[in-house]
S.K.: 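One structure coming up, written as structure tokens, with questions to follow.
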Amino acid sequence: MDHSRTIIHIDLDCFYAQVEMNKNPSLRTVPLGIQQKNIVVTSNYTAREFGIKKCMLIPEAKKLCPSLVLVNGEDLHDYRQTSYKVTNLLQKYTPLVERLGLDENYLDVTTLINEKLNQKSDLKLVGNVFGDTSDKCECGCTERLIIATTVAQEIRDVIKSELNLTSCAGIAHNKLLAKIAGARHKPNQQTVVFPNSALELILSLNAPNDIPGIGRALFEQLKCIGVETIEELQNVDLKRLETVLGQDKAKLVHELSLGIDKSGVKPTGKPQSIGLEDSCRSISVETEVKIKLEQLLNRLLLLVEEDGRVPKTIKLTVRKFNKDNKMSHRETRQCNVNPSIFSSSQPNKEAKIMTTIMHLFNRIIDVKKPYHITLLGLSFTKFQEPPKNTLASFLRKDLEVQSVLSIENQNGVEDAESPVPSTSKLAPTEGESPTPSPKKLKLTNLVSKKRCFEDYYEDCESPSKLKVADLCLDSVSCPPDADKEVFKELPKEVQKELWEDYKRRRASEMNFCSSQVKKTKPNTLLNYFIRNN
DNA sequence: TGGGGTCCT
DNA sequence: AGGACCC
């Protein structure tokens with residue numbers, strides 16, 4: 001077996017509740033529930049002592065705990081923001097950070113651990129251990145996992161000190177085991193599991209669908225062939241499993257049941273979609289539909305503006321009333337939109353977008369017949385170009401021009417555009433814990449977001465006129481797409497970053513163009529900035 | 001049972 | 001466009 005990787009799973013404790021308690025510290029001392037419609041989606045640990053459970057109905061929760069304080073958590077904006085702050089912190093340890101929902105992250109710390117291994121730091125196991133450790137694997141994984149317990153503790157300490165959030169961590173040689181182990185001791189604790197305890201850990205779960213990756217549908221299929229417990233799944237005849245699941249799925253599921261998980265930690269880049277939903281008792285007239293969708297659209301436009309990218313398609317989701325318990329049944333329709341519609345200079349773009357949304361709506365609902373809608377959702381997908389969250393993006397004058405200059409982020413790998421150079425990444429570390437990087441320069445407040453478009457072509461040289469040689473010089477000059485007057489006033493360091501950013505973008509363009517023509521990868525600057533390629 | 005997301009078919 | 005999975 002291969003135990004060469006070291007994975008840490010970080011899970012924020014009752015995440016929404018923690019965010020609300022940080023916003024309003026007086027909530028810390030009371031039983032707190034986060035409410036979405038008629039449901040308590042999560043609660044703080046004070047409330048849990050009353051027996052409040054995830055996804056409990058409000059009346060039931062109130063009966064268990066009449067003093068329960070409820071905060072509405074239907075707008076995820078603040079949770080999403082905090083969530084990304086956590087992920088950004090984690091990315092200082094390794095670029096291999098994968099998000100799962102808003103409150104979980106996987107880290108592949110293999111490289112970092114191997115570096116620490118060479119430094120001969122003393123082996124001190126921190127936190128809980130799952131299972132018995134008398135039978136020790138000799139492949140080296142034991143030492144690696146022990147070092148990782150210290151790293152996990154450091155990471156949790158930083159999340160606490162920087163963001164005032166407590167979390168749990170699971171440490172193992174794969175994602176599956178790390179996640180399951182982390183849930184053993186909650187809250188604000190961590191657990192390591194060694195390979196020899198993998199089977200025991202999996203068997204400690206109650207049912208096959210407690211294994212991440214085995215959901216309701218798979219569980220039902222398993223039942224059909226008489227597999228109801230994890231033990232039965234572990235011992236099932238593979239051929240029989242294949243008859244219902246097919247070869248690939250059968251192998252995967254069987255391996256999961258044995259604690260084997262070969263899946264890698266996939267760096268999560270920018271979201272593939274940004275959407276909003278609103279459930280409701282009943283909507284059956286068109287004006288109400290319009291009002292709801294307008295609300296959703298206005299909120300969504302703000303989110304997309306924050307994101308910085310421009311979407312190319314829009315998707316409408318409708319859930320019709322269904323007396324059967326098929327609550328999950330939704331219908332969607334999508335269409336492409338001209339990205340120019342999102343331009344800030346576009347006069348009443350809301351109305352224009354609403355027109356296409358209502359067109360989608362009419363593809364799902366025949367408004368001449370009675371209807372009964374219980375959910376409306378709107379989402380934007382297929383974004384143009386990766387946004388460049390750098391100082392440069394701020395000074396760039398025109399979104400449309402920007403889109404011409406940029407390329408799609410083809411593999412979703414982090415694009416080396418982090419405003420703070422991730423120092424600890426792959427470079428050898430100095431042995432101490434990763435120090436928080438210097439505070440980001442908050443240009444947001446320094447530079448007005450107002451951009452003027454008119455003089456772009458007069459003011460700037462065409463990028464195509466820039467010679468490749470310019471890109472290789474050490475000297476720093478003003479990128480053609482930045483405001484020269486503003487640029488002059490900036491500190492030298494900032495000027496340098498803007499110029500570096502511009503060079504990177506130029507390099508990307510060059511590679512983009514040539515790779516369209518010939519399949520071979522030219523040895524451009526880009527190769528230094530794009531990994532896994 | 002909410003309000004999100006991902007990837008595969 | 002839907003369905004599986006995840007939180």
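Here is the naming used below: chain letters follow the sequence lines, and residue numbers restart at 1 for every chain.
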S.K.: Identify each donor-acceptor pair in which a side-chain atom of residues 250-257 of chain A lies under 3.5 Å from a protein atom, sequence neighbours left out, and give them as a table.
M.R.:
{"residue": "A:His254", "atom": "NE2", "partner": "A:Gln234", "partner atom": "O", "Å": "2.9"}
{"residue": "A:Glu255", "atom": "OE2", "partner": "A:Lys262", "partner atom": "NZ", "Å": "3.2"}
{"residue": "A:Ser257", "atom": "OG", "partner": "A:His254", "partner atom": "O", "Å": "2.6"}

S.K.: For a quick check of understanding: with a heavy-atom distance under 4.0 Å over all strands, which category does A:Glu331 fall into, base, sugar-phosphate or nothing?
M.R.: sugar-phosphate

S.K.: With rounding to the nearest 0.5 Å, note down the distance linking CG in A:Leu233 to CD1 in A:Ile211.
M.R.: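 So the CG of A:Leu233 and the CD1 of A:Ile211 are separated by 6.0 Å.
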
S.K.: When you compare the protein's N or O atoms with those of nucleotides 5-7 of chain C, which come within less than 3.5 Å of each other, and at what distance?
M.R.:
{"residue": "C:dC5", "atom": "OP1", "partner": "A:Gly215", "partner atom": "N", "Å": "3.2"}
{"residue": "C:dC5", "atom": "OP1", "partner": "A:Gly215", "partner atom": "O", "Å": "3.4"}
{"residue": "C:dC5", "atom": "OP1", "partner": "A:Arg216", "partner atom": "N", "Å": "3.4"}
{"residue": "C:dC5", "atom": "OP1", "partner": "A:Ala217", "partner atom": "N", "Å": "3.1"}
{"residue": "C:dC5", "atom": "OP1", "partner": "A:Leu218", "partner atom": "N", "Å": "2.9"}
{"residue": "C:dC5", "atom": "OP2", "partner": "A:Ala217", "partner atom": "N", "Å": "3.2"}
{"residue": "C:dC6", "atom": "OP1", "partner": "A:Gly213", "partner atom": "N", "Å": "2.9"}
{"residue": "C:dC7", "atom": "OP1", "partner": "A:Lys179", "partner atom": "NZ", "Å": "2.9"}
{"residue": "C:dC7", "atom": "O3'", "partner": "A:Glu104", "partner atom": "OE2", "Å": "3.1"}

S.K.: Could you list the donor-acceptor pairs under 3.5 angstrom formed between side-chain atoms of residues 212-226 of chain A and any protein atom two or more places apart in sequence or on another chain?
M.R.:
{"residue": "A:Glu220", "atom": "OE2", "partner": "A:Lys223", "partner atom": "NZ", "Å": "3.4"}

S.K.: Would you kindly give the CD-to-P distance between A:Glu220 and C:dA4, to the nearest whole Å?
M.R.: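 Checked: the CD to P distance equals 11 Å.
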
S.K.: Using atom types as modelled, flag every donor-acceptor pair under 3.5 Å from a side chain in residues 69-78 of chain A to any protein atom, sequence neighbours excluded.
M.R.:
{"residue": "A:Asn72", "atom": "OD1", "partner": "A:Glu74", "partner atom": "N", "Å": "2.8"}
{"residue": "A:Asn72", "atom": "ND2", "partner": "A:Glu74", "partner atom": "OE2", "Å": "3.2"}
{"residue": "A:Glu74", "atom": "OE1", "partner": "A:Lys37", "partner atom": "NZ", "Å": "3.4"}
{"residue": "A:Glu74", "atom": "OE2", "partner": "A:Lys37", "partner atom": "N", "Å": "2.6"}
{"residue": "A:Asp75", "atom": "OD1", "partner": "A:His77", "partner atom": "N", "Å": "2.9"}
{"residue": "A:His77", "atom": "NE2", "partner": "A:Glu306", "partner atom": "OE1", "Å": "3.3"}
{"residue": "A:His77", "atom": "NE2", "partner": "A:Glu306", "partner atom": "OE2", "Å": "2.9"}
{"residue": "A:Asp78", "atom": "OD2", "partner": "A:Lys23", "partner atom": "NZ", "Å": "2.8"}

S.K.: Just the rounded figure in Å: distance from P of B:dG3 to CZ of A:Phe380.
M.R.: 19 Å

S.K.: Output all residues satisfying side chain to side chain contact (heavy atoms under 4.5 Å, CB included) with A:Asn44, sequence neighbours left out; order by chain, then residue number.
M.R.: A:Ala17, A:Met21, A:Leu32, A:Thr46, A:Ala47

S.K.: Looking at A:Glu60 and A:Lys62, is there a salt bridge between them, counting it only when a charged N and a carboxylate O are closer than 4.0 Å?
M.R.: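 Result for this pair is no, no salt bridge flagged.
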
S.K.: Rounding to a whole Å, what distance do you find between A:Asp307:CG and B:dG4:C1'?
M.R.: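 Answer to the nearest Å: 15 Å.
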
S.K.: Does B:dG3 have its OP1 or OP2 closer than 4.0 Å to a side-chain nitrogen or oxygen of A:Lys37?
M.R.: yes

S.K.: Taking 4.0 angstrom as the limit, do A:Asp278 and A:Lys292 come out as a salt bridge?
M.R.: yes

S.K.: Determine: side-chain N/O of A:Thr332 to OP1/OP2 of C:dA1, distance under 4.0 Å, yes or no.
M.R.: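 Looking at the OP1 and OP2 atoms of C:dA1, neither is under 4.0 Å from any side-chain N or O of A:Thr332.
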
S.K.: To the nearest Å, give me how far apart CG (A:Asp278) and P (B:dT1) are.
M.R.: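 After rounding, the gap between these two atoms is 16 Å.
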
S.K.: Does the structure place the NZ or CZ of A:Arg99 under 6.0 Å from the centre of the six-membered ring of A:Tyr84, at an angle of no more than 45° from the ring's axis?
M.R.: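 Output yes; distance and angle both within limits.
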
S.K.: CD1 of A:Ile34 versus C1' of B:dT1: gap in Å, rounded?
M.R.: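 Going from CD1 in A:Ile34 over to C1' in B:dT1 covers 16 Å.
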
S.K.: Is A:Glu74 touching bases, backbone alone, or none of the nucleic acid, heavy atoms closer than 4.0 Å?
M.R.: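 If one applies the 4.0 Å heavy-atom cut-off, A:Glu74 turns out to touch the sugar-phosphate alone, with no base involved.
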
S.K.: Go through B:dG2, C:dA1, B:dG3 for me and flag the one nearest to the A:Arg363 side chain.
M.R.: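 Of the candidates, C:dA1 comes closest.
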
S.K.: Between A:Lys85 and A:Glu162 (salt bridge meaning N to carboxylate O under 4.0 Å), is one present in this structure?
M.R.: no

S.K.: Atom pairs, N/O to N/O, protein against nucleotides 5-8 of chain B, distance under 3.5 Å?
M.R.:
{"residue": "B:dG5", "atom": "OP2", "partner": "A:Gly275", "partner atom": "N", "Å": "3.0"}
{"residue": "B:dG5", "atom": "OP2", "partner": "A:Gly275", "partner atom": "O", "Å": "3.4"}
{"residue": "B:dT6", "atom": "OP1", "partner": "A:Gln272", "partner atom": "N", "Å": "2.7"}
{"residue": "B:dT6", "atom": "OP2", "partner": "A:Ser273", "partner atom": "N", "Å": "3.4"}
{"residue": "B:dT6", "atom": "OP2", "partner": "A:Ser273", "partner atom": "OG", "Å": "2.9"}

S.K.: Nearest-Å distance, CD (A:Glu277) to P (B:dG3)?
M.R.: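 Those two atoms, CD and P, are 7 Å apart.
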
S.K.: Nearest whole angstrom, please: distance from the P of B:dG4 to the CZ of A:Arg99.
M.R.: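 My rounded result for the distance is 14 Å.
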
S.K.: Please report the distance, rounded to the nearest Å, between CD in A:Gln221 and P in C:dG3.
M.R.: 14 Å

S.K.: Do the side-chain N or O atoms of A:Ser279 get closer than 4.0 angstrom to the phosphate oxygens (OP1, OP2) of B:dT1?
M.R.: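 So the side chain of A:Ser279 is outside the cut-off, no N or O lying under 4.0 Å from OP1 or OP2 of B:dT1.
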
